[in-house]
Structures are given as C-alpha cells and as structure tokens.
Participant: 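One structure coming up, written as structure tokens, with questions to follow.
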Amino acid sequence: MLEFLPQEIRDGLMAAQKRDQKRRSRLRVHVGDDVFPVLRMWENGLALDADSMTQLRGLIDIYDGANHISQCLVIASTTEEGELICDFKRCSHVAQKAALDFVQDEAAPVGYLSKN
C-alpha cells in the first residue's frame with residue numbers, strides 16, 4: 001500500500017517510525033563515551049540506527065535506563081534498510097551482587113535474635 005504514495009511521503013513515514021522506535025526504547029548501547037539508542041534486540045544481536053554509526057565491533061555495554069544489564073562482544077555488523085545489525089559472539093548478563101565462593105546451607109537461620 002505504501003508503494004502508491006510519493007517517495008517524499010514514504011521517506012517521511014519511515015523517518016517518523018524510526019524516531020518513534022528511538023523514543024520508546026529504554027535500551028542504550030554505551031561505547032566509550034558515546035551512547036546510542038537500541039531500536040530492537042534479540043537473543044544474539046541488536047539493531048541500531050545506521051545514521052548514527054556505520055560499523056560497530058568490540059566490547060559494548062547495554063543499559064536499560066540507568067541499570068547496566070549486560071556486556072556484549074560484537075563480532076559483525078551489517079547495514080540493512082537503515083539499521084545497523086550487530087551480532088554477538090558472547091553476551092554476559094551483569095549480576096547485581098557478587099558470586100558466592102561457598103555453598104550456603106539451606107537450613108541456616110535467616111536471622112539471629114539477641115538475648116536482651
């Protein structure tokens with residue numbers, strides 16, 4: 001149906017759609033001091049706006065608002081239909097607390113009461 005519209009109107013609709021995706025997404029990619037909004041994300045990759053950057057490789061941090069949610073290693077990026085498609089070699093989720101180096105007893109008391 002869009003093919004019947006003039007090219008200028010189609011370009012305007014595509015720009016408005018991309019602007020709306022950027023505004024709705026809380027996910028951001030931090031590469032050094034640069035910050036880029038994520039258009040969409042899936043299990044082993046993500047899509048960024050191709051107008052903001054042409055290629056991305058290396059270690060990136062992904063934030064959801066102010067929360068650091070994962071650290072990923074990008075091995076390949078291609079441009080398709082105005083989006084920079086990035087593929088991950090690995091994606092490690094960031095834990096909120098340090099990993100334990102001992103086994104916790106499941107029957108251990110939750111808290112201790114004082115004798116006073």
Side-chain angles (χ1 to χ4, degrees):
M1 181 171 172
L2 290 178
E3 55 271 354
F4 296 114
L5 295 173
Q7 184 64 34
E8 297 163 349
I9 294 176
R10 283 189 278 175
D11 292 342
L13 288 172
M14 294 296 285
Q17 183 181 19
K18 190 182 292 187
R19 187 174 51 246
D20 186 47
Q21 281 181 330
K22 283 183 190 177
R23 193 176 306 135
R24 279 189 291 147
S25 177
R26 290 178 42 97
L27 296 177
R28 302 276 185 253
V29 170
H30 289 236
V31 181
D33 293 334
D34 299 328
V35 178
F36 304 101
V38 175
L39 298 178
R40 47 194 180 91
M41 186 172 172
W42 53 95
E43 184 178 334
N44 56 355
L46 58 84
L48 302 172
D49 185 15
D51 296 337
S52 60
M53 64 178 2
T54 57
Q55 188 175 12
L56 179 65
R57 286 181 62 99
L59 196 61
I60 62 170
D61 294 310
I62 300 177
Y63 285 82
D64 182 8
N67 298 328
H68 188 200
I69 59 171
S70 61
Q71 190 175 45
C72 304
L73 181 62
V74 176
I75 56 169
S77 60
T78 59
T79 304
E80 296 176 7
E81 299 177 9
E83 292 182 340
L84 183 69
I85 307 296
C86 302
D87 296 325
F88 300 149
K89 181 174 184 178
R90 73 166 177 85
C91 186
S92 303
H93 296 285
V94 176
Q96 300 300 324
K97 57 184 179 179
L100 297 177
D101 60 349
F102 58 90
V103 177
Q104 280 188 320
D105 185 17
E106 291 182 15
V110 176
Y112 295 102
L113 297 175
S114 64
K115 293 184 179 185
N116 296 340

Participant: Sub-3.5 Å donor-acceptor pair from the side chain of Ser77 to the main-chain atoms of Leu56, do we have one?
Facilitator: yes

Participant: Check the pair Val74 / Leu46 against side chain to side chain contact (heavy atoms under 4.5 Å, CB included), numbers first and verdict last.
Facilitator: CA-CA 10 Å; Val74 176; Leu46 58 84; over 6 Å; no

Participant: Are Arg40 and Ile85 packed together at the side-chain level, in the sense that at least one heavy-atom pair is separated by less than 4.5 angstrom?
Facilitator: yes

Participant: Quick one: closest heavy-atom pair of Asp49 and Gly82, and the distance?
Facilitator: OD1-O, 3.6 Å

Participant: May I ask you to list the residues sharing a hydrophobic cluster with Leu100, side-chain cutoff 4.5 Å, ordered by chain and number?
Facilitator: Phe102

Participant: Which pair of non-hydrogen atoms, one from Thr54 and one from Leu84, has the smallest distance, and what is that distance?
Facilitator: O-CD1, 3.3 Å

Participant: Measuring from Ile62:CD1 to Ile60:CD1, what's the distance to the nearest 0.5 Å?
Facilitator: 4.5 Å

Participant: Same cluster or not: are Leu27 and Val35 linked, directly or through other Ile, Leu, Val, Met, Phe, Trp or Tyr residues, by side-chain heavy atoms under 4.5 angstrom apart?
Facilitator: no

Participant: Taking all non-hydrogen atoms of both residues into account, name the closest pair between Glu43 and Phe88 and its distance.
Facilitator: O-CD1, 4.2 Å

Participant: Under the side chain to side chain contact (heavy atoms under 4.5 Å, CB included) criterion, do Leu48 and Met41 qualify, and how do the steps go?
Facilitator: CA-CA 9 Å; Leu48 302 172; Met41 186 172 172; over 6 Å; no

Participant: To the nearest 0.5 Å, what is the distance between CG on Asp51 and CD on Glu83?
Facilitator: 11.0 Å

Participant: Grouping I, L, V, M, F, W and Y whenever their side-chain heavy atoms are under 4.5 Å apart, do Val38 and Tyr63 come out in a common cluster?
Facilitator: no

Participant: If I take atom CG from residue Asp61 and atom OG from residue Ser92, how far apart are they, to the nearest 0.5 angstrom?
Facilitator: 10.5 Å

Participant: With rounding to the nearest 0.5 angstrom, report the CZ to CG distance, Arg28 to Asp34.
Facilitator: 13.5 Å

Participant: Can you measure from SG (Cys91) to CD1 (Ile69) and round to the nearest 0.5 angstrom?
Facilitator: 8.0 Å

Participant: Would you give the length of the straight line joining atom CD of Glu8 to atom CG of Leu13, rounded to the nearest 0.5 angstrom?
Facilitator: 12.0 Å

Participant: Between Trp42 and Cys86, which heavy-atom pair has the shortest distance, and what is it?
Facilitator: CZ2-O, 4.4 Å

